[in-house]
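Presented below is the structure to which this report refers.
Nothing here was measured: the structure is a model prediction, and the numbers come from that model.
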Amino acid sequence: MKIIKYILIYSFIITLNNLLFANSFKVISRQGEASVIVNEEHADIDVKKSFPDDYFSISTKEESYLVMDNGEKSIILMPSSKLTYESNNFTLHSGYMYIKSKHNDDINMTITKDERGYDFKGKSFAVVAYDDKISVITYNNAVKITPSSSLGVSYFLEPNHKTSIIPILDGPYRTTENEKSLIESVSRQLEMEVASHLNEDIDRYNFKIMEGTKNENTIYRVVHPEKGPNIFLIVPHGSERVGTDVAMERINMPIKKGSLTIVPIAVPEAYRKNTRAIEGQDINNRFFDKKVSRTDTDKLAKEYMKMLDEYDIDVVLTLHEGNGFKEFFGDSIIYDSRKLDDKVVSVLNNINSRIEPMKFKFRQMYYPMPTTITYYAAKKNIESFGIELTRNLDYDKKRIIMHTILSEFLKIYGME
């Protein structure tokens with residue numbers, strides 16, 4: 001292969017426009033100095049905009065790193081590393097690279113050296129190349145390794161293990177504490193870089209309603225530049241604290257398109273008193289058209305109903321904590337329209353496949369309840385769901401499960 005005789009060198013210290021690879025990879029983050037080599041016919045290419053799809057080689061300097069992404073997987077090339085891409089194969093000549101799936105699906109990748117190739121399938125793994133030795137290190141999932149000339153024979157490397165693949169396959173060995181600490185650190189760094197990139201063009205702002213009253217409230221908006229579903233997320237009850245914490249954490253999390261309107265606390269006074277409701281009125285029984293709104297609860301409900309129209313809401317999600325596991329209503333997805341059966345089943349299948357024992361699994365609950373916000377939304381042809389999580393778990397488990405279910409809904413609507 002004829003390589004251009006000069007090297008294009010770029011400083012990535014502060015900012016740089018995304019480098020868009022014709023093979024769908026793009027550079028989403030960088031620090032320090034890196035060099036790029038391309039074929040001679042691409043000598044005039046503006047690598048700030050695109051890379052050729054046949055060949056390129058990237059070298060990072062001693063204190064630099066580079067993060068690439070193609071929507072399915074992310075790659076971080078660590079300091080003092082050299083990586084070449086050619087004909088859909090990667091060659092790590094030296095250094096350390098870590099690859100991670102974007103959507104918790106298995107990724108497929110081929111790495112070659114000296115005409116020998118290995119196919120990898122897994123959610124994440126690191127490749128290390130020093131001198132003439134190349135090794136693979138797993139983190140929290142197994143990786144399937146298949147030599148390209150193996151006639152179908154594969155090797156499974158369990159989590160937190162390593163093996164050499166070149167010059168010979170000689171593992172597995174358990175990773176040392178230093179190796180485990182390094183891969184954990186690199187994984188966290190990659191996650192932060194990807195999240196930061198996804199956040200770059202997202203508009204985040206907040207505003208207040210009922211200013212100057214004891215129920216003055218802050219509403220949060222997360223708006224992606226790409227049009228998509230507009231979702232309204234609300235926590236109706238002041239004593240159901242996990243939902244509020246999860247909603248607050250979502251304010252700074254990335255979305256792929258559309259918008260989120262977030263109401264972490266529906267009734268501030270109820271939240272301050274750690275009670276379900278105030279004024280003898282449960283706000284989730286006050287969503288209907290009223291000519292007169294005398295109480296703060298009714299005034300707040302009216303504000304939220306107006307927002308469904310103002311922000312052209314497509315989906316309403318409410319977060320709750322219920323009683324028991326299978327008693328009314330713990331661990332359930334509650335909804336008001338049979339048109340949503342398939343979406344509820346899809347979420348439940350994805351969630352329940354990860355939950356044991358049986359009593360902890362979520363159930364499908366078609367249960368129309370007039371005067372609730374989900375029922376009100378359904379009457380306006382807005383898809384709406386209540387996520388009801390049992391109180392009978394510790395805080396950390398409840399928080400993780402609620403985030404997981406919320407993510408499943410956002411995935412259905414293409415926002416995560």
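Side-chain polar atoms of Asp245 and Tyr395 form a donor-acceptor pair below 3.5 angstrom. Side-chain N/O atoms of Thr372 and Asn284 include no donor and acceptor closer than 3.5 Å. A donor-acceptor contact closer than 3.5 angstrom links the side chains of His93 and Thr84. Thr176 and Glu179 form a side-chain donor-acceptor contact under 3.5 Å, judged by distance and modelled atom types alone. With hydrogens and angles left out, the side-chain atoms of Asn274 and Ser239 include no donor and acceptor closer than 3.5 Å. Under 3.5 Å, the side chains of Tyr98 and Gln189 contain no donor-acceptor pair of N or O atoms. If you check the side chains of Lys208 and Thr218, you find a donor sitting under 3.5 Å from an acceptor. Residues Asp203 and His224 have side chains that never bring a donor and an acceptor to within less than 3.5 angstrom of each other. Using modelled atom types, one finds no donor on one side chain facing an acceptor on the other under 3.5 Å when comparing His161 with Thr163. If you check the side chains of Glu416 and Ser407, you find a donor sitting under 3.5 Å from an acceptor. The closest side-chain donor-acceptor pair between Thr390 and Asp331, if any, does not fall under 3.5 angstrom. Side-chain contact annotation: Tyr304 with Asn217, donor-acceptor N/O pair under 3.5 Å present. Using modelled atom types and a 3.5 Å distance limit, the side chains of Arg286 and Thr297 yield no donor-acceptor pair. When only modelled atom types and interatomic distance are considered, Ser124 and Asn141 share a side-chain donor-acceptor pair under 3.5 Å.
Between the CD1 atom in Ile412 and the NZ atom in Lys343 there is a gap of 7.0 Å [rounded to 0.5 Å]. Put simply, CE on Met415 and CG on Leu406 are 9.5 Å apart, with the number rounded to the nearest 0.5 Å. Here Ile262 contributes atom CD1 and Met253 contributes atom CE; the two are 10.0 Å apart, rounded to the nearest 0.5 Å. The CD1 atom of Ile313 lies 11.0 Å from the NZ atom of Lys380; values are rounded to the nearest 0.5 Å. Once rounded to the nearest 0.5 Å, the distance linking OG of Ser29 with CG of Leu66 reads 8.0 Å.
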message: Using side-chain contact (heavy atoms from CB on, under 4.5 Å), reason through Met365 and Ile333 one step at a time and then give a plain yes or no.
response: CA-CA 6 Å; Met365 186 176 243; Ile333 305 296; over 6 Å; no
Practice item. Under the side-chain contact (heavy atoms from CB on, under 4.5 Å) rule, what do Ile58 and Tyr85 come out as? Steps first, then yes or no, please. Key: CA-CA 9 Å; Ile58 302 174; Tyr85 173 86; over 6 Å; no
side-chain contact (heavy atoms from CB on, under 4.5 Å) evaluation trace for Arg174 with Asn160:
CA-CA 6 Å; Arg174 290 200 64 85; Asn160 298 308; 4.1 Å; yes
_Stepwise side-chain contact (heavy atoms from CB on, under 4.5 Å) test for Leu260 and Ile255_ = CA-CA 9 Å; Leu260 280 175; Ile255 57 175; 3.9 Å; yes
- Begin from the C-alpha positions of Lys256 and Glu226 and carry the test salt bridge (charged side-chain N to carboxylate O under 4.0 Å, His left out) through to its verdict. CA-CA 8 Å; Lys256 290 184 174 181; Glu226 181 181 343; over 6 Å; no
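The shortest heavy-atom contact between Ile251 and Pro264 is CD1-CG, 4.5 Å. Across every non-hydrogen atom of Leu300 and Ala266, the tightest pair is CD1-O, 3.5 Å. Closest non-hydrogen pair, Ser74 versus Val194, comes out as OG-CG2, 3.5 Å. Counting all heavy atoms, side chain and backbone alike, Met307 lies closest to Ile219 at CE-CG1, 3.7 Å. Taking all atoms of both residues into account, the shortest heavy-atom contact from Ile107 to Lys123 is CD1-O, 4.3 Å. Leu190 and Lys100 get closest at one heavy-atom pair: CD2-CB, 3.8 Å.
Counting heavy atoms from C-beta on, the side chains of Lys82 and Ser57 come closer than 4.5 Å. Side chains of Met369 and Thr374 form no contact here, defined as non-hydrogen atoms less than 4.5 Å apart. By the 4.5 Å heavy-atom criterion applied to side chains, Leu317 and Val315 are counted as neighbours. No side-chain heavy atom of Lys180 sits less than 4.5 Å from a side-chain heavy atom of Ile137. Two residues are said to be in side-chain contact when any heavy atoms from C-beta on lie closer than 4.5 Å; Lys257 and Tyr413 fail this criterion. The shortest side-chain heavy-atom distance between Thr261 and Leu233 does not fall under the 4.5 Å cut-off. Counting heavy atoms from C-beta on, the side chains of Pro236 and His320 come closer than 4.5 Å. Contact check for Ile145 versus Leu157: side-chain heavy atoms found under the 4.5 Å cut-off.
With sequence neighbours left out, Tyr366 forms a ring pair (Phe, Tyr, Trp, His ring centres under 6.0 Å) with Tyr335. Taking Phe385 as the reference, Phe409 meet the ring pair (Phe, Tyr, Trp, His ring centres under 6.0 Å) condition, with sequence neighbours excluded.
In terms of modelled atom types and a separation under 3.5 Å, the side chain of Ser81 and the main chain of Tyr96 share a donor-acceptor contact. Listed for the Thr60 side chain is a donor-acceptor partner under 3.5 Å among the backbone atoms of Met78. Between the side chain of Tyr118 and the main chain of Ile165, a donor-acceptor pair closer than 3.5 Å is present. At distances below 3.5 Å, at least one donor-acceptor pair connects side-chain atoms of Ser353 with backbone N or O atoms of Asn349. A donor-acceptor contact shorter than 3.5 Å is absent between the side chain of Thr112 and the backbone of Gly117. Distance alone, capped at 3.5 Å, places no donor-acceptor pair between the Thr138 side chain and the Ala142 backbone. With Asp314 contributing its side chain and Asn230 its backbone, the two residues share a donor-acceptor pair below 3.5 Å. At distances below 3.5 Å, not a single donor-acceptor pair connects side-chain atoms of His403 with backbone N or O atoms of Ile401. Proximity of a side-chain donor or acceptor of Thr146 to a complementary backbone N or O of Ser154 within less than 3.5 Å is not detected. Checking side-chain atoms of Asp170 against main-chain N and O of Ser164 turns up a donor-acceptor pair under 3.5 Å.
In this structure, Tyr311 has its ring center at least 6.0 angstrom away from the ring center of Phe232.
Looking at Arg399 and Asp396, no side-chain N of the basic residue comes within less than 4.0 Å of a carboxylate O on the acidic one, giving no salt bridge. Salt bridge Glu303/Lys299: absent, no basic N to carboxylate O contact under 4.0 Å. The pair Glu240-Arg391 meets the salt-bridge criterion, with a side-chain N (NZ, NE, NH1 or NH2) lying under 4.0 Å from an Asp/Glu carboxylate O.
In this structure, Arg250 fails the cation-pi test against Tyr220, since its NZ or CZ atom is not both closer than 6.0 Å to the six-membered ring centre and inside 45 degrees of the ring normal.
Surrounding CD of Glu62 are at most 12 heavy atoms belonging to other residues, nucleotides or ligands under 6.0 Å away. For CD of Glu211, the number of neighbouring non-hydrogen atoms (other residues, nucleotides, ligands) closer than 6.0 Å is greater than 12.
Residue pairs meeting the ring-ring contact (aromatic ring centres under 6.0 Å, His included) criterion with at least one member in residues 130-149: none, sequence neighbours excluded.
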